[in-house]
Amino acid sequence: MNRRIAVLVFPGTNSEDETVRVLRDCGGDAELVWWSQAQQLAQYDAYVLAGGFAHEDRIRAGAIAAHDPMMDAVIEGAAAGKPILGVCNGAQILLEAGLVPGTGAVGRPTAAFTKNLPAPHFVCRHVTMRLAIRPSRCAITAALEPGALIPAWAAHAEGRLAAPPEALAEVVAGDHVAFVYAHPDGRVDDHAVPNGSALRCAGLVNLAGNVLAIMPHPERDAWNFNHLEHSDRGDVLSPSGGARLFRSFVEAVSSA
Amino acid sequence: MNPTGRLVEILLKIPDNTAYTALVALRRLGVDVSRVERGVLRFFDEEEPVEELIVRIQSDETIFNPNVHRLRLRDGAAPDSGEVWIESLDETVPAVAWRLFDSRERPLSEPALRAAAERLLCNPSIDKAIVGSTGT
């Protein structure tokens, strides 16, 4: 029997359909699970928290959703080693829930994806994420090559990793920065960072390596029709597109 | 926060969905609260007369919409009893004053406010919570 992936839909999630589609196109058995179906979540083998504005970003991005009843199953799943991926608002939720970087207690965040800098405005920009850890450090990236470059779209107003210096030191020491922003050729410098993120961080992984939170949207650069490098149109996955990360996720789900 | 400036709180005069959402979430998190109020705090350095300051704020559409907002001049630069202020550590967003009340419309105690801040209202990696002292 296929292992099943739940794509969580909170009130305000808006990227669930393309997230399900890219997972299915990568071979995953993915389906939507709505907030009214939280009791069903325990049956699934993996979870994806899609992008959007859950609960309208009230109080802080991800703050309310992090305490939604749906997160009970996600927190239990994280402890059980199930692969969990958060994209954009999903990443913010995972940070607010304390699941990543996971250097404190669950429910007690030790970092945040917060207001962009230098200007606290919404950013919509094509970016490249560079894998900054050994692929095997994170189950979800294990099928990627070292230093893999994943194209994606940054689309957020609150994507800057922020934390006190001692917390950032823990993030570095624990090898929690899974992805950094890079230029398309792989060079890493501050010009590639769209939001002032500390450590040039685009994604964080927990200590166990089964929970990954990324701010940019790789599903928005996954098929030929939305992949920048392809001039031909078509709804097949682009070999160099963001679907590579989802394919690696699906492999992690299959082998978990 | 500028402790010497003039403090103005901007509140909604229409139903505050964020406050209601916070109320529901806080109850789920075990905080015994029956009503939540919220206002955005802004400090102004100017020593201009109060009347002129009010007119100036009310004509600044980036922070004040007369159809949905009302403002309140505050005395002092500290939260009242039953109130917790959430301030951004890097001052990228204005501070927010939260007022929490129990079922008898009494302000919540200091420990209950601390619990509310710790469990929901404050992310200590980017915010600090200043809790009003009980009995002040």
Side-chain angles (χ1 to χ4, degrees), chain A residues 10-12 38 53-72 92-93 95-98 100-101 103-121 157-171 195-196 198 204, chain B residues 11-12 14-33 35-42 62-63 68 83-100 113-131:
Chain A
F10 297 93
F53 298 89
H55 295 278
E56 217 177 32
D57 283 357
R58 291 175 189 172
I59 302 179
R60 293 176 307 279
I64 297 292
H67 301 291
D68 189 285
M70 289 215 288
M71 288 303 290
D72 295 345
Q92 294 163 335
I93 296 167
L95 261 73
E96 281 288 336
V100 286
T103 47
V106 170
R108 299 286 187 272
T110 56
F113 284 129
T114 187
K115 290 285 181 191
N116 297 342
L117 285 178
H121 299 155
E158 298 173 49
R160 171 177 60 96
L161 176 66
E166 60 275 15
L168 289 177
E170 268 194 89
V171 166
N195 53 19
L204 287 168
Chain B
L11 305 102
L12 286 172
I14 60 174
D16 186 344
N17 292 335
T18 295
Y20 181 73
T21 304
L23 171 67
V24 173
L26 284 167
R27 284 177 175 163
R28 169 168 156 76
L29 294 170
V31 178
D32 188 11
V33 57
R35 189 166 67 84
V36 173
E37 281 182 4
R38 179 185 66 109
V40 174
L41 299 172
R42 293 190 181 269
T62 62
I63 60 172
V68 298
E83 188 175 61
V84 56
W85 288 2
I86 305 297
E87 295 185 5
S88 163
L89 292 175
D90 58 13
E91 299 184 346
T92 52
V93 290
V96 176
W98 295 91
R99 284 177 289 281
L100 280 63
L113 288 172
R114 290 194 188 286
E118 190 176 281
R119 294 175 198 172
L120 181 67
L121 301 178
C122 177
N123 178 333
S125 64
I126 52 172
D127 303 319
K128 68 175 171 183
I130 306 170
V131 176

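Below, read A as the first sequence line, B as the second, and so on, with proteins coming before strands; counting in each chain starts at 1. Worth knowing before you read on, the calculation uses all heavy atoms, side chains too, and leaves out hydrogens, waters and symmetry mates. This structure is a prediction, so every number in the text was calculated from the model and none was measured.
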Give, as side chain, backbone, both or neither, the part of L95(A) having an atom under 4.5 angstrom from any heavy atom of chain B.
neither

Donor-acceptor pair between N17(B) and E56(A) side chains, under 3.5 angstrom:
no

Heavy-atom proximity to chain A below 4.5 Å, by part of L120(B)
both

With heavy-atom distances below 4.5 Å as the criterion, would you say the side chains of K115(A) and I126(B) are in contact?
no

Please identify, among A163(A), A66(A), A111(A), the residue contributing the most non-hydrogen atom pairs under 4.5 Å to chain B.
A111(A)

Please identify each residue that fulfils side-chain hydrogen bond (donor to acceptor under 3.5 Å, both in side chains) with T18(B), with sequence neighbours left out.
none

Proximal component of A22(B), with respect to chain A [non-hydrogen, under 4.5 Å]
both

Check: L117(A) and T92(B) side chains under 4.5 Å, non-hydrogen atoms
yes

Kindly write out the residues that satisfy side-chain hydrogen bond (donor to acceptor under 3.5 Å, both in side chains) with D68(A), not counting sequence neighbours, or none if the list is empty.
H55(A)

Hey, which of G107(A), A63(A), P69(A) has the most heavy atom pairs under 4.5 Å with chain B?
P69(A)

Only pairs of heavy atoms separated by less than 4.5 Å count here; which of S88(B), A19(B), C122(B), A25(B) has the most with chain A?
C122(B)

Nearest heavy-atom contact between L121(B) and R60(A) is O-NH1, 2.9 Å

Using non-hydrogen atoms only, which part of R38(B) is less than 4.5 Å away from chain A: side chain, backbone, both, or neither?
neither

Side chain, backbone, both or neither: which part of A167(A) has a heavy atom under 4.5 Å from chain B?
neither

Where do H67(A) and R119(B) come nearest, in terms of heavy atoms and distance?
NE2-O, 3.2 Å

Under a 4.5 Å cutoff for heavy-atom pairs, which residue among I64(A), D57(A), N116(A) has the most contacts with chain B?
I64(A)

What part of T110(A) lies closer than 4.5 angstrom to a heavy atom of chain B: side chain, backbone, both or neither?
backbone

I'd like to know if D16(B) and R58(A) make a salt bridge, using a cut-off of under 4.0 Å between side-chain N and carboxylate O.
no

Can you tell me if D72(A) has over 12 outside heavy atoms packed within less than 6.0 Å of its CG?
yes

S125(B) and A162(A): which non-hydrogen atoms are nearest, and at how many Å?
OG-O, 4.1 Å

